[in-house]
Amino acid sequence: MVRRGLERQVADATVTSVEVHNTRSVRRHPDGTAGFAARLVGRRLGSARRRGKYLWLPLHPLPATDAVLAHLGMSGQLLVRPTGGAAERHLRVRLVLQPGAGSPLDLRFVDQRTFGGLSVAPLAVSLADGACVPEPVRHIGVDPLEESFDAAQVGHRLSRRRTGVKRALLDQALLSGVGNIYADEALWRARLHYARPTETLRRREVSTLLSALREVLVEALEEGGTSFDSLYVDVDGQPGYFERSLAVYGRADRPCPRCATPVRRDPFMNRSSYTCPRCQPRPRRSRW
DNA sequence: ATCGTAGCCTGGAGGC
DNA sequence: TGCCTCCAGGCTACGA
């Protein structure tokens, strides 16, 4: 969703200046804030690409050898605004852009929790599919919504793991774009418990799970994309669009939409997992 | 090589 | 009312 917006508004614009409001947001940049800015000013932005939570714009002239890379963390947003407007509360980085025609624009990186960040990174060959991606994305698996996503291959690699199925889903090297929410929702749809050992999954179950995952991601995207913030933002008591379509996530003690059994919340990896105890019984052998 | 855990960070919710 | 603690999560560093 973010990517689509960028595609339309900033492709081919030239960076005229850079402001870093919080150095933590560029902490991964190898030569610091100054280097980050120096590598951007005067460059022209190419079309936006995405893999998992990473989003980048190649930097022209062609052939691009580097890109400006954003990691959205859990609360990061990239906003396009007319230059000169009021700063958002958590504005971290502002790139001023001159489009081919029209007045200047801001590309703003807004991030409450500063888990995300921006950097300029060299392009490299992806280990997952051979595509041209920024170096920090090299080891990241293909997103289930990308064309090059190979469900058979991912399924095969998944079942060779020796871990709990949810851990595997959250491993960005295996596949990307799946966080805690989408993992829980897909497991519920596939009627699998999060602690099910990957090596006991039948081929059928793996393919059901990957289809469910894809469905969840497609639906979330259709609903306008979701950021964790949208779960909070509703100050006026209006439930977020995405929240309404969740079957189990964040719904402890409320009825399972399929069988009405109260949803259960378990601690998992210092976080939570939500399951329907009836649709997704804990396996006798279980593995986190 | 593979798997598991702690910690990073901010602010909203809820307890007292 | 205002403080305090808990909790959310993608990723990395590090330990087993």
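Every chain is numbered from 1, with letters handed out A, B, ... down the list of sequences.
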Atom [atom1] of [X] to atom [atom2] of [N]: distance rounded to whole Å?
X	N	atom1	atom2	value
A:Asp266	C:dA8	CG	C1'	17 Å
A:Arg92	B:dT10	CZ	P	7 Å
A:Ile181	C:dA8	CD1	P	11 Å
A:Leu170	C:dC11	CG	P	10 Å
A:Asp111	B:dC8	CG	C1'	12 Å
A:Lys166	B:dC3	NZ	P	18 Å
A:Met269	C:dA13	CE	P	16 Å
A:Arg265	C:dA8	CZ	C1'	10 Å

I want to check something: taking the side chain as every heavy atom from C-beta on, are [X] and [Y] in contact at a cut-off of under 4.5 Å?
X	Y	answer
A:Arg254	A:Val263	no
A:Leu59	A:Leu45	yes
A:Phe268	A:Leu170	yes
A:Leu105	A:Pro99	yes

It should be established whether [X] places a side-chain nitrogen or oxygen under 4.0 Å from OP1 or OP2 of nucleotide [N].
X	N	value
A:Arg28	C:dT12	no
A:Gln172	C:dC11	yes
A:Ser272	C:dA8	yes
A:Arg24	B:dC8	no
A:His90	B:dT10	no
A:Arg271	C:dC7	no

Quiz item: A:Asp129 and A:Ser126: side-chain donor and acceptor closer than 3.5 Å?
Solution: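 Note: A:Asp129 and A:Ser126 side chains meet the donor-acceptor criterion.
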Quiz prompt | Main-chain N/O of A:Asp111 paired to A:Arg92 side chain as donor or acceptor, under 3.5 Å | solution = yes
Exercise. Ignoring hydrogens and angles, tell me if any N or O in the side chain of A:Gln172 forms a donor-acceptor pair with the backbone of A:Val178 under 3.5 Å.
Key: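 Answer holds: yes.
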Of the listed nucleotides [options], the one nearest the side chain of [X]:
X	options	value
A:Gln112	C:dT12, C:dG10, B:dG11	B:dG11
A:Tyr54	C:dA8, C:dT12, B:dT5	C:dT12
A:Arg89	B:dG11, B:dC3, C:dC11	B:dG11

Practice problem: Compute the bend angle of the helix from B:dT2-C:dA16 to B:dC16-C:dG2 from the end axes (five pairs per end), rounded to 10°. | Solution: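 Its terminal axes enclose an angle near 40°.
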Quiz item: Can you list, by residue number, the residues of residues 114-135 of chain A that have a non-hydrogen atom closer than 4.0 angstrom to DNA chain B?
Solution: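 Within residues 114-135 of chain A, the residues near DNA chain B are A:Thr114, A:Phe115.
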Quiz item: What is the nucleic acid contact for A:Arg160, judged by heavy atoms within less than 4.0 Å: base, sugar-phosphate only, or nothing?
Solution: nothing
Quiz item: Taking NZ, NE, NH1 and NH2 as the nitrogens, is one of them in A:Arg265 or A:Asp253 under 4.0 Å from a carboxylate oxygen of the other?
Solution: no
Practice problem: Could you pick out which residue, A:Asn22 or A:Asn270, lies toward the 5' side of DNA chain B when each is mapped onto its nearest nucleotide? | Solution: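 On the 5' side of the pair lies A:Asn270.
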Quiz prompt | hydrophobic_cluster_shared for A:Trp188 and A:Tyr182, side chain cutoff 4.5 Å | solution = yes
Practice problem: Only counting residues at least two apart or in another chain, list the ones meeting side-chain hydrogen bond (donor to acceptor under 3.5 Å, both in side chains) with A:His29. | Solution: A:Asp31
